[in-house]
Amino acid sequence: MKAVEVNHLYKSYTGKRAVEDLSFSVDPGEILGLIGPNGAGKSSTIKIILDFMKPDSGEVKIFGQQMDEACKNQIGYLPEEKGLYKKLTAIDLILYFASLKGMDKSSAKEKADVLLRRTGMFESRKKKIKEMSKGMGQVIQFIVTIIHDPKLIIMDEPFSGMDPVNTELMKNIVSDLRDNGKTIILSTHQMNQVEEICDRVLMVNDGSEVLYGSIEEVKARFRQHSVQVNVEGEIGDLPGVIEKKLNKDFVELVLASDTRPQIILDRIREQGIDINRFEVKTPSLNEIFLKLAGADHE
Amino acid sequence: MNKTYLIFKHEFLLAIRRPGFIILSLIVPVMALLGIGIIKLVSSLSDAPANEITVIGYVDEVGIFDSQTTEGFDRLVPFSSMEGAGEALARQEISEFIIIPSDYTSSGVVKRYTLQKEPQTPPATEVYIKSFLTASLLKERVPAHIVSLILSPINLEVSRITEQGEIAIEKRNVGNIIIPALFSLLLSLALMFGATSLISGLGEEKESRLIEVLFSSVSIRQLLLGKILALGIAGLLQVLVWLISAPLILNLASSSFGGFMSSIQLPANFLILGVVYFVLGYLLFAVLSIGIGAISPSAREGSQLSMFYVMLGFVPLWFSSLLMAFPNSSIWVFLSIFPITAPVQTMLRLGVSDIPAWQILTSIGVLVISIVGGLFLSIKVFRMHMLMHGKRPGIAEIRLNLKNA
């Protein structure tokens with residue numbers, strides 16, 4: 001049974017199509033990266049999955065059924081903008097939201113202590129949210145999202161504004177959750193994080209799917225037939241190389257379609273040139289994103 | 001545990017712990033106590049000690065006022081001339097003196113001289129001097145008991161004739177108006193603070209996107225019901241604090257206040273209608289606040305928009321003096337039925353005149369219909385617009401969304 005199934009989703013706002021014929025699924029124990037440029041329809045998709053709004057047409061199933069009250073207790077949601085009750089202490093806030101997810105007080109307290117210790121926030125548990133830094137508040141909100149041990153976790157830009165230490169900590173926790181069989185949908189603009197922790201990726205643009213599959217499949221699909229080399233000296237003309245692109249630290253050799261990279265390696269060695277680096281070029285997810293989205297995100 | 005109850009408990013505790021709530025709950029009894037204390041302090045500082053006799057001199061130029069009389073703690077002493085009286089005043093043998101001029105019986109003017117700077121003659125002194133003059137004028141012409149009757153304040157015993165031509169049991173007096181008027185004012189304040197608290201809370205949750213986290217855990221119905229109940233109970237608690245403290249404070253005051261309290265008779269249906277109209281009034285304001293909170297981009301703008309109906313709720317108080325002067329005008333009937341003004345107007349009218357049963361039933365009926373209809377619309381607007389932030393949707397957009405919902 002799929003954790004999340006989205007079938008032929010359509011949604012429009014006054015004259016503007018936000019989601020157009022979107023279909024995808026997420027398996028249990030998988031992290032799906034949901035990426036796309038601003039206004040692509042990611043947030044609308046998430047809101048429809050969470051039943052914050054109804055689609056114009058299409059269907060969403062969570063663990064094989066329509067969203068209901070019981071389902072909500074199995075979902076953890078971390079929105080992009082992190083808002084909390086400023087006047088509550090961290091522990092009171094966590095326990096309140098845990099109770100709204102159906103946890104009893106003693107279990108929630110026990111779990112909260114574990115998570116607070118793991119994130120280094122135990123000593124600050126009695127501080128009011130307004131007394132905390134933004135990063136600390138985000139950690140607390142992350143705890144609120146997962147305290148009730150949800151089966152499905154949806155996070156929108158979970159690491160934005162976090163320092164590298166906390167980012168690494170959260171990523172480890174997210175990976176652990178996946179390894180424990182949790183399903184995670186991670187919406188972010190940070191492609192390096194998608195590459196690091198996601199299993200599959202769904203890219204949307206103008207409300208439609210433009211990319212969908214595992215990270216390896218996607219990269220392989222966009223792999224250019226070229227190698228990056230760094231050698232001592234000049235590389236002469238090589239049969240099978242149709243283009244040379246000079247870069248600061250390496251030369252990119254674009255190969256003919258019938259030329260394997262191994263052949264080029266042999267030919268360079270036959271020239272007696274010392275090779276410092278020889279690498280088959282694989283595009284980064286960021287490069288793929290830029291290519292598909294058609295925008296220059298610096 | 002029931003999620004509506006969890007929301008209710010959280011919101012209720014948040015509400016009653018707010019400094020503003022605590023201050024407002026206590027301010028009425030505290031201000032009342034302060035007021036009574038100040039009045040007593042001022043009275044005790046300015047009045048003569050209770051057992052000290054006040055001596056008032058008088059110069060009778062008419063020639064008929066010749067009594068040296070003592071009444072209670074006041075004593076009148078005759079002087080033959082103004083100079084003599086002035087010297088006695090300077091020596092503080094007397095506290096003041098009056099000159100009854102020769103043309104008093106035609107002019108009615110009496111001149112009073114005192115060392116004190118007063119905005120006006122103390123009422124007790126005025127009454128005493130008046131009694132002295134009247135008694136002297138009527139002496140030997142009118143029997144003493146008739147003089148006493150003339151000098152006593154009029155004692156009007158008022159009875160109301162019902163529509164059936166029978167004498168009503170309760171007696172009407174000023175006390176019957178004060179409690180409904182006070183309750184109406186407190187009701188307006190409670191409704192205003194309930195509405196603004198609801199909008200403020202929703203606005204903050206919307207601005208901080210906390211509303212999304214809440215929606216991922218509870219339904220709209222659970223969230224709104226929990227909030228409405230919590231703020232309603234908190235408001236009721238506040239009103240109860242005021243109502244319970246009022247008679248206790250009044251009984252702490254002087255015996256005249258205590259005696260005054262015993263003369264008050266509330267209309268038989270006052271308490272029941274008070275609770276009914278508080279509940280219905282609060283629900284109506286809550287429903288309006290949900291809709292306003294949903295379409296407002298921020299808590300501040302929501303509070304500003306809410307002032308429209310909150311201020312309307314105060315309209316009956318603005319015209320309360322007209323109500324007392326013209327209690328049977330049809331404008332009050334309209335205001336008793338118009339939903340926003342109905343709770344306060346009806347409670348005010350209860351202290352001034354009888355309200356026909358059909359008007360009360362119509363008023364309550366219209367309120368209930370308004371609440372139900374308003375709730376239906378507000379929840380739709382809330383569901384559509386609560387997650388939108390940053391700009392307020394226009395009327396056309398709201399209507400289109402409602403139509404397509």
Are more than 12 heavy atoms, taken from residues, nucleotides or ligands other than [X], located less than 6.0 Å from that residue's [atom1] atom?
X        : atom1 : result
B:Arg300 : CZ    : no
A:Lys109 : NZ    : no
A:Gln65  : CD    : yes

Once rounded to the nearest 0.5 Å, what's the spacing between atom [atom1] of [X] and atom [atom2] of [Y]?
X        : Y        : atom1 : atom2 : value
B:Leu210 : A:Lys86  : CG    : NZ    : 9.0 Å
B:Leu6   : A:Tyr96  : CG    : OH    : 7.0 Å
B:Ser219 : A:Asp51  : OG    : CG    : 10.5 Å
B:Ser217 : A:Leu50  : OG    : CG    : 10.0 Å
B:Glu204 : A:Lys87  : CD    : NZ    : 7.0 Å
A:Leu100 : B:Gln222 : CG    : CD    : 9.0 Å

Qualifying residues under ring pair (Phe, Tyr, Trp, His ring centres under 6.0 Å), relative to A:His148, sequence neighbours excluded: none

Toward chain B: residues of residues 71-80 of chain A with heavy atoms under 4.5 Å: A:Lys72, A:Asn73, A:Tyr77, A:Pro79

Heavy-atom check, side chain of A:Glu69 versus side chain of B:Lys3, under 4.5 Å: yes

A:Ser99 and B:Lys9, any side-chain heavy atoms less than 4.5 Å apart: no

Closest non-hydrogen atom pair between A:Glu81 and B:Glu207, with its separation: OE1-O, 4.4 Å

Set of side chain to side chain contact (heavy atoms under 4.5 Å, CB included) partners for A:Leu88, sequence neighbours left out: A:Tyr85, A:Leu93, B:His10

Pairs flagged by side chain to side chain donor-acceptor pair (under 3.5 Å) wherever residues 15-28 of chain B is involved - sequence neighbours left out: B:Ser25-B:Gln238

Chain A contact via B:Ile7 - side chain, backbone, both or neither, heavy atoms under 4.5 Å: both

